[in-house]
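Step one of this worksheet: look at the structure below.
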Amino acid sequence: MLAALWPQSSAEEHAKELQLLLGGHAIQVLTMPIAILVAETEDGTLVGFVEVDLRSHADGCNPAQAVGYIEGWYVAPEFRERRVGRKLIQEAENWARSHNCVEMGSDAVIDNHVSHQAHEAVGYEVVDRCVHYRKRL
């Protein structure tokens, strides 16, 4: 699922990062707390996940305090529109509240309309749009 959400990295790279996170070595990957919440069927098949962490700031959020941040959110296509994503986000928000957050931030690439619709369906609003540029020197 990580490779489906972030295909620019290999499955091996995702597995290596997960091993660090789940093995208690998150400090080698992150600087803030993180939670990876999963959704599974009754037989234990994983069908979705959300990575949530804390950030010192996020666009459109109050910069005076840390904010919960959705780093990644994925639901297998055959399980979408079944409230799986909504339940994952609710649990991510509960996690952020447990860390004294009063706001959540997230992002989606500009042409990922499925993600835009999913965010708006669970109550998120657009606060900014940005096109990033680069130039090789």
Side-chain angles (χ1 to χ4, degrees):
M1 285 189 286
L2 292 170
L5 182 60
W6 295 301
Q8 66 276 13
S9 296
S10 70
E12 293 78 21
E13 291 171 310
H14 289 299
K16 189 175 187 177
E17 183 175 299
L18 269 179
Q19 287 174 340
L20 290 170
L21 292 173
L22 298 175
H25 303 287
I27 195 74
Q28 295 176 17
V29 181
L30 307 165
T31 58
M32 301 284 274
I34 188 171
I36 302 171
L37 309 170
V38 298
E40 59 186 12
T41 61
E42 288 183 13
D43 69 2
T45 302
L46 293 178
V47 298
F49 76 92
V50 63
E51 279 188 10
V52 60
D53 68 4
L54 300 179
R55 287 192 177 186
S56 59
H57 63 282
D59 291 338
C61 296
N62 182 346
Q65 61 190 61
V67 60
Y69 204 85
I70 300 166
E71 296 294 346
W73 178 27
Y74 182 83
V75 175
E78 62 272 23
F79 288 91
R80 294 178 184 168
E81 298 187 26
R82 296 187 187 187
R83 303 183 65 85
V84 172
R86 181 178 299 272
K87 290 177 184 175
L88 284 167
I89 293 300
Q90 287 170 342
E91 290 304 316
E93 291 168 351
N94 288 339
W95 180 89
R97 282 186 199 94
S98 77
H99 287 83
N100 300 314
C101 294
V102 296
E103 292 181 296
M104 287 289 288
S106 186
D107 58 55
V109 294
I110 201 160
D111 62 349
N112 188 342
H113 303 293
V114 170
S115 183
H116 301 175
Q117 291 172 338
H119 278 84
E120 291 169 17
V122 295
Y124 286 72
E125 62 184 354
V126 175
V127 295
D128 194 11
R129 290 208 184 257
C130 185
V131 177
H132 299 269
Y133 294 92
R134 79 175 185 145
K135 178 181 178 182
R136 284 202 186 269
L137 300 177

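Fair warning: this is a prediction, and the values are worked out from it, not measured in the lab.
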So, using side chain to side chain donor-acceptor pair (under 3.5 Å) as the criterion, who are the partners of [X] when residues are at least two apart?
{"X": "S98", "answer": "none"}
{"X": "N112", "answer": "none"}
{"X": "R82", "answer": "none"}
{"X": "D59", "answer": "none"}

Nearest 0.5 Å, what's the [atom1]-[atom2] distance between [X] and [Y]?
{"X": "W95", "Y": "D53", "atom1": "CH2", "atom2": "CG", "value": "6.0 Å"}
{"X": "N62", "Y": "H57", "atom1": "CG", "atom2": "NE2", "value": "12.5 Å"}
{"X": "I70", "Y": "S115", "atom1": "CD1", "atom2": "OG", "value": "9.0 Å"}

Can you sort out the partners of Q90 under side-chain contact (heavy atoms from CB on, under 4.5 Å), two or more places apart, ordered by chain and number?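 side-chain contact (heavy atoms from CB on, under 4.5 Å) list for Q90, sorted by chain: R86, K87.
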Residue list, side-chain contact (heavy atoms from CB on, under 4.5 Å) with P63, at least two apart or on another chain: none
On a heavy-atom basis, which atom in V50 and which in A92 lie closest, and how many Å separate them?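 Where V50 meets A92 most closely, the heavy atoms are CG1-CB, 4.1 Å.
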Check G68 against A96 and note the closest heavy-atom contact, atom names and distance. CA-CB, 4.0 Å
Can you list the residues that meet the ring-ring contact (aromatic ring centres under 6.0 Å, His included) rule with H116, with sequence neighbours excluded? H113
Hey, mind stepping through E103 and R97 against salt bridge (Lys or Arg N to Asp or Glu O under 4.0 Å) and telling me if it holds? CA-CA 8 Å; E103 292 181 296; R97 282 186 199 94; over 6 Å; no
Is the number of heavy atoms from other residues, nucleotides or ligands within 6.0 Å of CD (Q65) greater than 12? yes
Please list every donor-acceptor pair under 3.5 Å in which a side-chain atom of residues 123-137 meets a protein atom from a residue at least two apart or in another chain.
| residue | atom | partner | partner atom | Å |
| --- | --- | --- | --- | --- |
| Y124 | OH | E93 | OE2 | 2.8 |

Do R80 side-chain atoms and V75 backbone N/O form a donor-acceptor pair below 3.5 Å?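 A pair under 3.5 Å: yes.
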Without swapping roles, check the side chain of Y69 against the backbone of S106 for a donor-acceptor pair under 3.5 Å.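 At least one qualifying donor-acceptor pair exists.
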Close side-chain approach of [X] and [Y], heavy atoms under 4.5 Å:
{"X": "E91", "Y": "V52", "answer": "no"}
{"X": "W73", "Y": "I89", "answer": "yes"}
{"X": "V67", "Y": "L54", "answer": "no"}

Under 3.5 Å, which donor-acceptor pairs do the side chains of residues 34-46 form with other protein atoms, sequence neighbours left out?
| residue | atom | partner | partner atom | Å |
| --- | --- | --- | --- | --- |
| T41 | OG1 | D43 | OD1 | 2.4 |
| T41 | OG1 | T45 | N | 3.2 |
| D43 | OD1 | T45 | N | 3.1 |
| D43 | OD1 | T45 | OG1 | 2.7 |

